[in-house]
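Heads up, the thing below is written out as structure tokens.
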Amino acid sequence: MASVSSFCSSSSTIKSEKLFKKTTTKAAAATATTFISSSIRSLRKDPTISSPLRSNLIGQNLNRLQDLSRTQSVAREVPADFSNNEVVPVEKKGLEKDSYALWRRYVDWMYQHKELGLFIDVSRIGFTDEFVEEMEPKFQAAFRAMQALEKGAIANPDEGRMVGHYWLRNPLLSPNSFLRLQIENTLESICKFADDIIGGKIKPPSSPVGRFTQILSVGIGGSALGPQFVAEALAPDNPPLKIRFIDNTDPAGIDHQIAQLGPELASTLVIVISKSGGTPETRNGLLEVQKAFREAGLDFSKQGVAITQENSLLDNTARIEGWVARFPMFDWVGGRTSEMSAVGLLPAALQASTLSHQGIDIKEMLAGASLMDEANRTTVVKNNPAALLALCWYWASGGVGTKDMVVLPYKDSLLLFSRYLQQLVMESLGKEFDLDGNRVNQGLTVYGNKGSTDQHAYIQQLREGVHNFFATFIEVLRDRPPGHDWELEPGVTCGDYLFGMLQGTRSALYSNDRESITVTVQEVTPRSVGALIALYERAVGIYASLVNINAYHQPGVEAGKKAAGEVLALQKRVLAVLNEASCKEPVEPLTLDEIADRCHAPEQIEMIYKIIAHMAANDRALIADGSCGSPRSIKVFLGECNVDDIFA
Ligand SMILES: O=P(O)(O)OC[C@H]1O[C@H](O)[C@H](O)[C@@H](O)[C@@H]1O
């Protein structure tokens with residue numbers, strides 16, 4: 001039953017909508033503004049409505065305020081406390097439309113990193129000077145937190161861990177010489193190992209080619225997304241060592257990767273990546289690959305490499321089985337910020353070009369990240385690229401995630417950037433509680449693929465539909481390597497079209513009050529990719545401080561893992577019950593109620609039905625009566641009875 005206050009919230013919203021529609025005079029606009037503001041206040045305080053609904057309703061109301069401001073051209077009376085005291089109010093005004101004023105804003109706020117050739121344009125985000133001023137203390141606190149983090153503070157208090165991904169690209173910053181040496185030695189051993197593999201010094205034992213030709217990376221989440229993004233962005237066209245990924249426990253997906261390797265399995269280097277060394281999907285991928293090796297008569301241990309924390313299950317397995325190599329994953333590096341650790345560096349270093357016989361230049365990636373980190377250490381918001389992004393995110397999403405971030409790289413090779421950012425941003429910022437234990441349900445939704453492709457898919461909605469996002473364009477100035485360009489019509493190249501599409505979409509969105517950031521790089525190189533990763537890692541860290549959350553843990557992920565474990569445990573009980581009934585003479589097919597009863601889990605009947613339907617679809621349970629489409633009617637038994645299991 002809807003509680004009184006949740007009813008009030010939604011009725012306020014309806015009323016504010018009506019008021020908004022009726023508003024024709026300044027006086028009416030003022031009344032509407034006051035009413036909408038108070039609706040926002042009530043929504044923020046109402047504990048009885050779900051947080052997605054709350055965000056949605058607040059977002060709608062903020063949009064109305066913005067629209068009111070635009071139509072009435074009056075200074076806004078926006079509530080100073082529409083949220084809890086932690087959140088700085090975002091006083092939305094109509095976006096600047098005068099082209100000279102916009103040009104001034106563009107030039108005033110343009111960020112340029114000369115050495116990296118990277119620009120950030122925040123002029124199409126409508127933050128005001130007052131907002132920047134109000135945010136200043138929060139930014140100074142965020143900078144202090146970042147300094148402490150870089151010095152080795154326990155920045156992940158829930159897990160009692162340091163957060164050290166910044167040391168990976170500047171080991172001199174490490175809080176002690178032990179960590180510095182660990183980083184430096186690991187980098188050295190990665191480079192040496194990659195040289196030995198590419199140069200054929202380390203060979204697969206049974207390949208007729210006499211060297212490794214393929215890499216199969218097994219890992220998930222932070223142990224896959226960075227390497228996938230970097231491979232897509234930087235791998236050479238015809239690499240002698242091509243990388244593939246198993247990043248799921250989907251048997252068909254795994255079969256597909258193994259089938260595509262075919263006889264080249266004999267010359268495949270398998271890199272198993274897992275910080276914890278115990279992630280089920282990764283373990284399953286490993287077991288499936290090991291089975292394929294056995295079936296092909298190959299010795300997996302001569303072709304397997306592990307990247308994991310010391311003494312994890314994976315580490316111990318690799319050590320005991322004598323795999324080719326093991327590389328460390330450090331306790332103080334989180335999965336989603338691990339691209340500059342062995343997790344990202346080893347796969348990158350192995351993706352060599354046929355011409356140079358060198359892998360992706362990982363030292364350049366590290367240099368790009370290090371230069372970006374350096375720029376992000378300034379405490380002047382306007383000169384700090386990551387802080388600028390965080391400022392825009394805060395403004396655009398009200399500091400409470402009311403707007404989504406649509407990431408649109410206009411470059412095919414950056415297709416996976418938004419997918420990579422999805423984990424980095426959403427796993428870091430999507431938190432139920434803040435650092436003081438208040439329920440805040442924070443987050444920032446990220447999605448996107450690439451332009452101009454997406455212009456032919458969902459840009460229609462962005463331009464004209466629900467106003468629940470801001471965009472980030474990633475622009476790459478260099479269209480293709482020099483000497484290859486040609487004009488496909490007088491004065492216009494193919495790349496000019498891509499450029500035109502980006503600029504056109506940016507303008508079209510802005511003219512309809514859709515805000516955007518543009519990040520520009522000269523080229524997609526190891527250096528610029530390293531810089532982009534570092535830019536967003538720091539922006540996420542700063543933003544997390546602004547909204548007072550721990551960006552470095554992921555307690556919510558555990559709930560799904562735990563529930564999955566419970567489903568599998570229930571499946572084992574179901575199997576035991578079915579086995580016992582199927583071993584009877586004659587076989588005793590069971591209804592779902594009977595199975596649930598015998599499992600002592602009547603409340604789990606729906607899950608038991610799903611388990612049976614899944615097993616039946618995979619020929620592991622047989623339906624004696626009825627069909628899965630009418631659950632009440634089915635009777636189930638197992639095709640084979642295993643007497644040993646009954647007495648086990
Ligand atoms: O590297 P692993 O320990 O296998 O973890 C892989 C992934 O597991 C979980 O889903 C975490 O939420 C991710 O942050 C992590 O990247």
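Start at 1 and go down the list; that is how both ligands and their atoms are numbered.
Geometrically, ligand 1 and Gly221 share no nitrogen or oxygen pair separated by less than 3.5 Å. Taking only nitrogen or oxygen atoms, main chain and side chain alike, Ser223 reaches within less than 3.5 Å of ligand 1.
With no hydrogens or angles considered, a side-chain donor-acceptor pair links Asn156 and Glu159 at under 3.5 Å. For the 3.5 Å distance criterion, the side chains of Ser189 and Thr186 fail to qualify, holding no donor opposite an acceptor. Between the side chains of Gln554 and Arg336, at least one donor-acceptor pair of N or O atoms lies under 3.5 Å. In the model, Asp247 has a side-chain atom that pairs as donor or acceptor with a side-chain atom of Gln228 under 3.5 Å.
With a 4.0 Å heavy-atom cut-off, ligand 1 is reached by the side chain of Gln554 but not by its N, CA, C or O. At a 4.0 Å heavy-atom cut-off, ligand 1 does not touch Met329 at all.
Trp332 and Trp167 have tilted rings, their planes meeting at an angle from 30° to 60° on a 0 to 90° scale. Using a 30° and 60° split on the angle between ring planes, Phe417 and Tyr420 fall in the parallel class, below 30°.
Residues Tyr447 and Phe469 place their aromatic rings such that the two centres sit no closer than 6.0 Å.
Of the protein's non-hydrogen atoms, the one nearest atom 16 (O) of ligand 1 is Gly222 N, 2.8 Å. Of all protein heavy atoms, the one closest to atom 5 (O) of ligand 1 is Thr279 OG1, 3.6 Å. When only non-hydrogen protein atoms are considered, atom 10 (O) of ligand 1 lies nearest to Val557 CG1, 3.5 Å. Of the protein's non-hydrogen atoms, Glu427 OE1, 3.5 Å is the one closest to atom 13 (C) of ligand 1. Here the protein heavy atom with the shortest distance to atom 6 (C) of ligand 1 is Ile220 O, 3.3 Å.
For Lys561, the heavy-atom gap to ligand 1 drops under 4.0 angstrom.
The contact set between ligand 1 and Gln423, taken as ligand atoms under 4.0 Å from a residue heavy atom, comprises 13 (C), 14 (O), 16 (O).
For the side chain to side chain contact (heavy atoms under 4.5 Å, CB included) with Lys450, the qualifying choice from Ile474, Leu416, Asp412 is Asp412, the only one to do so.
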